[in-house]
J.: 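Quick one: this structure, given as structure tokens, is what I'll be asking you about.
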Protein chains: 2
Amino acid sequence: MAQRPTIKTIAKETGLSTATVSKALNASPQVRPRTRDKVLQAAKELGYELNISGVQLRTGKTYQIAMITVIASPDDDEWAGVGYTQLISGISRAIEHTPYRVVQHQVASFDDSFEVIKRIIQNKKADGIIISGTRANDPRISFMQEQDFPFVTYGTSDASAPHAFVDTDNRRIVTICVERLLSKGHRRIAMINAREELNYTQNRIEAYKAALSKAGQTCDPSLLAYGRLTPAFGREQLFEMSMFDEPPTAYICANEATAMGVLSGFQVRGMEHGRDAVVIATDDLNVSQYFSPPITTCYLPISKPSETLGKFMLDLIGGEDPINLQKLFVPDLIERGADTCNLERQ
Amino acid sequence: MAQRPTIKTIAKETGLSTATVSKALNASPQVRPRTRDKVLQAAKELGYELNISGVQLRTGKTYQIAMITVIASPDDDEWAGVGYTQLISGISRAIEHTPYRVVQHQVASFDDSFEVIKRIIQNKKADGIIISGTRANDPRISFMQEQDFPFVTYGTSDASAPHAFVDTDNRRIVTICVERLLSKGHRRIAMINAREELNYTQNRIEAYKAALSKAGQTCDPSLLAYGRLTPAFGREQLFEMSMFDEPPTAYICANEATAMGVLSGFQVRGMEHGRDAVVIATDDLNVSQYFSPPITTCYLPISKPSETLGKFMLDLIGGEDPINLQKLFVPDLIERGADTCNLERQ
DNA sequence: CATATAAAATTAAACGTTTATATTTTGAGT
DNA sequence: ACTCAAAATATAAACGTTTAATTTTATATG
């Protein structure tokens, strides 16, 4: 079987030197159009494909985009990481017609993610990094900034220097949800949040408080829960909060998994959605339309932010200023019920 | 800043040649223990890490494992691909302490997946390939076998030559489910399956028919549905089948997503689980415990097959015979209800 | 037309590694 | 102490690419 063609093969074929071939393939202005065409033609005929390890060795370019995913442990976290597939999928789609590939670096904890990032940068194992689960004050972000390494975050932070990010507009979501529930007469509104150290959790809390105080209401901190966004966590919280003297009449869940858990709690406790309380969620899978009953959800198709993530990464590698690579998406509110309930009950 | 250390650095440091250093690092018997230790010591002190592109250029080894994932389109397929994260996660875990990485190659269709596989092999872009969604007669499998390229499949096939695979024991699952339902008095048992061309679908059908005929029942083909395993598909099928003159009293769903759709259909149609019909599912996420109501499920934690996938891949690359790398996992039946219903109704 | 200059091509070296071949060292046997 | 084979190490080339330095070729200028 014929050896895989290299630039040498093309050089021999066209009678040019490998240097010229290389330049031609890289669209260098040093080579004149006529020879360029000749090279491209030959490359096509021979079925030439760039050998990335050659490039990598010479230039340090890896054509890899590292995606750091944090999954705590194999199974306890049944639903966790569900979104990563779609995320990677969207990124892959954005870089489809480039030589870049997404390489997933799976880690078990935040600290591990930092270690992996250090190794990737130190050993130049990727051309760019994408992380999620950003914290308000995220040491990984400052590190990557110091090292001047290209990165995009899925999620915001309060880093002093601007960086490329994509996120859902969490403040906006929460404002919409709270205002809707207030207008339906709810006064005890619980919010089930992700872990407190995540920046988006903080944003949600701020928006929650702001919306309440704008309506002249005060915030009862016992209605705010923080944890890993699993169905189990949602159910736990329902169990707990529904036993309060003045239980919530509405639950805002940070994702559909948690909402499912809350609904599951309803059923166990003999509660009924729309009578005893209501649940609304934010998410990007839109699976809540199949819940029993379906619930009102702030929905943002995950394909949007994820493709943007990929696009931003390419732009960044191409030298674009991070300040131009920041985007907040505003989800649609999909009403799937009146979201009222027997408020006089309490 | 100091350059990243290479074998040259170690050679200089130890006074040896790069050749010896290389051999020492690769545990060649040609180098005597004393010098080997010296090299290892120096490597550690310098913080040396293998530069893969160097190796790759010289030997062709890529240290990449290609995972081919098929996701038809961005959003229509809301829940689809949910399992890939866990799959990749498990594989990553299995290869954690090796230099190997998982690289995801996302494609839109079966045909594309074949194309990508060809490119990977032709251009030696990976050391091994993992695919899922295997068909009974899968051309990708025969191609990889012809090319003598290492691969493991998640899912079986009826390829004549043996190959490495990991799968759930689908025949067993279906047998268990059907027997259980029959024993509860069900006589009209529907089965919602994945697409017909997938080998596991065929296995499930065979087992279904066998279990029925063993009990002296005949199979009504109108109770068998084939399609993409989304909630939407489950709901559609419920809408259709529940209108039959003799509607099913039980639905066996190939995954939890579809089961959720069926339950959602129940709610829309005013049907009740356990009164009008029951649903049971197979899956690896175990999220069905949070359904309302929770349903009986054949559960296999996806971490098991996925870690095995990674392990098999390493073994294969290490030269193990594929015939020793075949494994079927048997899930646990988790009963979450009586799974009886008003059978006299029909 | 000769010459200066710009443009286009070539040469050669380098990136980090492995490995076939060559050379030196070691140590056992006399 | 000397020989000689075996063991250990060294040399050098190669993998495919890019790029600085250099040479050749084409173009413009007076």
Side-chain angles (χ1 to χ4, degrees), chain A residues 1-40 42-43 46-64 99-100 119 122-127, chain B residues 1-40 42-43 46-64 99-100 119 122-127:
Chain A
M1 169 156 30
Q3 273 300 82
R4 153 170 193 210
T6 71
I7 53 169
K8 265 186 201 154
T9 326
I10 300 180
K12 203 161 285 167
E13 190 72 17
T14 56
L16 293 161
S17 74
T18 59
T20 309
V21 172
S22 171
K23 284 176 193 155
L25 291 171
N26 290 295
S28 157
Q30 284 181 45
V31 43
R32 76 181 147 175
R34 186 153 30 114
T35 41
R36 197 171 109 77
D37 290 347
K38 199 164 61 175
V39 169
L40 260 39
L46 292 164
Y48 168 79
E49 199 155 331
L50 183 69
N51 180 325
I52 288 180
S53 36
V55 180
Q56 192 169 346
L57 193 52
R58 177 62 227 240
T59 66
K61 259 194 97 57
T62 66
Y63 290 105
Q64 294 196 357
Y100 290 91
R119 275 184 22 126
Q122 234 118 60
N123 298 316
K124 190 57 172 71
K125 284 189 174 312
D127 296 342
Chain B
M1 169 156 36
Q3 274 299 82
R4 152 169 194 211
T6 71
I7 54 169
K8 267 186 199 153
T9 325
I10 299 181
K12 202 160 288 169
E13 191 71 18
T14 56
L16 294 161
S17 73
T18 59
T20 309
V21 172
S22 171
K23 284 175 192 154
L25 291 171
N26 291 295
S28 157
Q30 284 181 46
V31 42
R32 78 179 145 175
R34 185 151 34 111
T35 41
R36 196 171 109 78
D37 290 346
K38 198 163 63 174
V39 169
L40 259 40
L46 292 163
Y48 169 79
E49 199 154 329
L50 182 69
N51 180 325
I52 289 180
S53 36
V55 180
Q56 192 169 345
L57 193 52
R58 176 64 226 240
T59 66
K61 256 194 100 55
T62 65
Y63 290 104
Q64 295 196 358
Y100 290 90
R119 277 184 20 129
Q122 234 119 61
N123 298 316
K124 190 57 173 69
K125 285 189 174 311
D127 296 342

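All values below were derived from every heavy atom in this structure, side-chain atoms included, with hydrogens, water molecules and symmetry-related copies excluded. A note on names: the letters A, B, ... follow the listed sequences, proteins ahead of strands, and every chain is numbered from 1.
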J.: Does C:dT10 have its OP1 or OP2 closer than 4.0 Å to a side-chain nitrogen or oxygen of A:T20?
T.: yes

J.: Between atom NZ in B:K124 and atom P in D:dG16, what is the gap in whole Å?
T.: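 Spelled out: NZ on B:K124 to P on D:dG16 is 13 Å.
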
J.: Would you jot down, in residue-number order, the residues of residues 5-17 of chain A having a non-hydrogen atom under 4.0 Å from DNA chain D?
T.: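 Heavy-atom contacts with DNA chain D come from A:T6, A:I7, A:K8.
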
J.: Side chain of A:K23 only, heavy atoms from C-beta on: which candidate in C:dG16, D:dT19, D:dA12 is closest?
T.: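 Looking only at side-chain atoms, A:K23 lies closest to D:dT19.
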
J.: Would you say B:S53 and B:N51 are linked by a side-chain donor-acceptor pair, where the criterion is simply a distance under 3.5 Å?
T.: yes

J.: Hey, does A:R119 have a side-chain heavy atom less than 4.5 Å from the side chain of A:K125?
T.: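 SC-SC contact between A:K125 and A:R119 confirmed.
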
J.: For a quick check of understanding: with a heavy-atom distance under 4.0 Å over all strands, which category does B:T35 fall into, base, sugar-phosphate or nothing?
T.: sugar-phosphate

J.: Would you mind classifying the nucleic acid contact of A:I52 as base, sugar-phosphate or nothing, using non-hydrogen atoms under 4.0 angstrom?
T.: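 Here A:I52 touches no strand at all.
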
J.: When you measure from the side-chain N and O atoms of A:R32 to the phosphate of C:dA9, is any distance below 4.0 Å, counting only OP1 and OP2?
T.: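 So the side chain of A:R32 is within the cut-off, an N or O lying under 4.0 Å from OP1 or OP2 of C:dA9.
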
J.: Touch check for B:P33, heavy atoms < 4.0 angstrom, all strands: base, sugar-phosphate only, or nothing?
T.: nothing

J.: Testing the basics here: between A:A43 and A:L25, what is the closest heavy-atom pair and its distance to 0.1 Å?
T.: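 That closest heavy-atom pairing would be CB-CD2, 4.2 Å.
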
J.: Round to the nearest Å and state the distance from B:N26 atom CG to C:dT19 atom C1'.
T.: 11 Å

J.: For a quick test of reading the model: is some side-chain N or O of A:Y63 closer than 4.0 Å to OP1 or OP2 of D:dT17?
T.: no

J.: Where each residue is assigned the nucleotide of DNA chain C containing its nearest heavy atom, which of B:R34 and B:Y48 is assigned the position nearer the 5′ end?
T.: B:Y48

J.: Would you mind classifying the nucleic acid contact of B:T59 as base, sugar-phosphate or nothing, using non-hydrogen atoms under 4.0 angstrom?
T.: sugar-phosphate

J.: Whole angstrom is fine here: how far is it from CG in B:N51 over to P in C:dC15?
T.: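 Answer to the nearest Å: 12 Å.
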
J.: Whole Å only: how far is the CG atom of A:N123 from the P atom of C:dC15?
T.: 17 Å

J.: Can you name the side chain to side chain donor-acceptor pair (under 3.5 Å) partners of A:Q122, sequence neighbours left out?
T.: none

J.: What's the shortest heavy-atom distance between B:Y100 and B:K61, and which atoms?
T.: OH-NZ, 2.7 Å

J.: Between atom CG in B:L57 and atom P in C:dT19, what is the gap in whole Å?
T.: 13 Å

J.: Name the atoms and distances for all side-chain donor-acceptor pairs under 3.5 Å in residues 13-20 of chain B, with sequence neighbours left out.
T.:
{"unit_1": "B:T14", "atom_1": "OG1", "unit_2": "B:I10", "atom_2": "O", "d": "2.8"}
{"unit_1": "B:T14", "atom_1": "OG1", "unit_2": "B:A11", "atom_2": "O", "d": "3.4"}
{"unit_1": "B:T14", "atom_1": "OG1", "unit_2": "B:L16", "atom_2": "N", "d": "3.4"}
{"unit_1": "B:S17", "atom_1": "OG", "unit_2": "B:A19", "atom_2": "N", "d": "3.4"}
{"unit_1": "B:S17", "atom_1": "OG", "unit_2": "B:T20", "atom_2": "N", "d": "3.3"}
{"unit_1": "B:S17", "atom_1": "OG", "unit_2": "B:T20", "atom_2": "OG1", "d": "3.1"}

J.: So A:E49 and A:R4, salt bridge (Lys or Arg N to Asp or Glu O under 4.0 Å) or not? Walk me through it.
T.: CA-CA 8 Å; A:E49 199 155 331; A:R4 153 170 193 210; over 6 Å; no

J.: Whole angstrom is fine here: how far is it from CD in B:Q30 over to C1' in C:dT24?
T.: 14 Å

J.: Whole-Å distance between C:dG16 P and B:L25 CG?
T.: 15 Å

J.: So which one's nearest nucleotide on DNA chain D is more toward 5', B:R36 or A:G54?
T.: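 By nearest-heavy-atom nucleotide position, the 5'-most residue is B:R36.
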
J.: For the pair made of CD in A:E49 and C1' in D:dG16, what is the distance, rounded to whole Å?
T.: 14 Å

J.: Between B:K23 and B:V31 (side chain of the first, backbone of the second, donor and acceptor by atom type, cut-off under 3.5 Å), is there such a pair?
T.: no

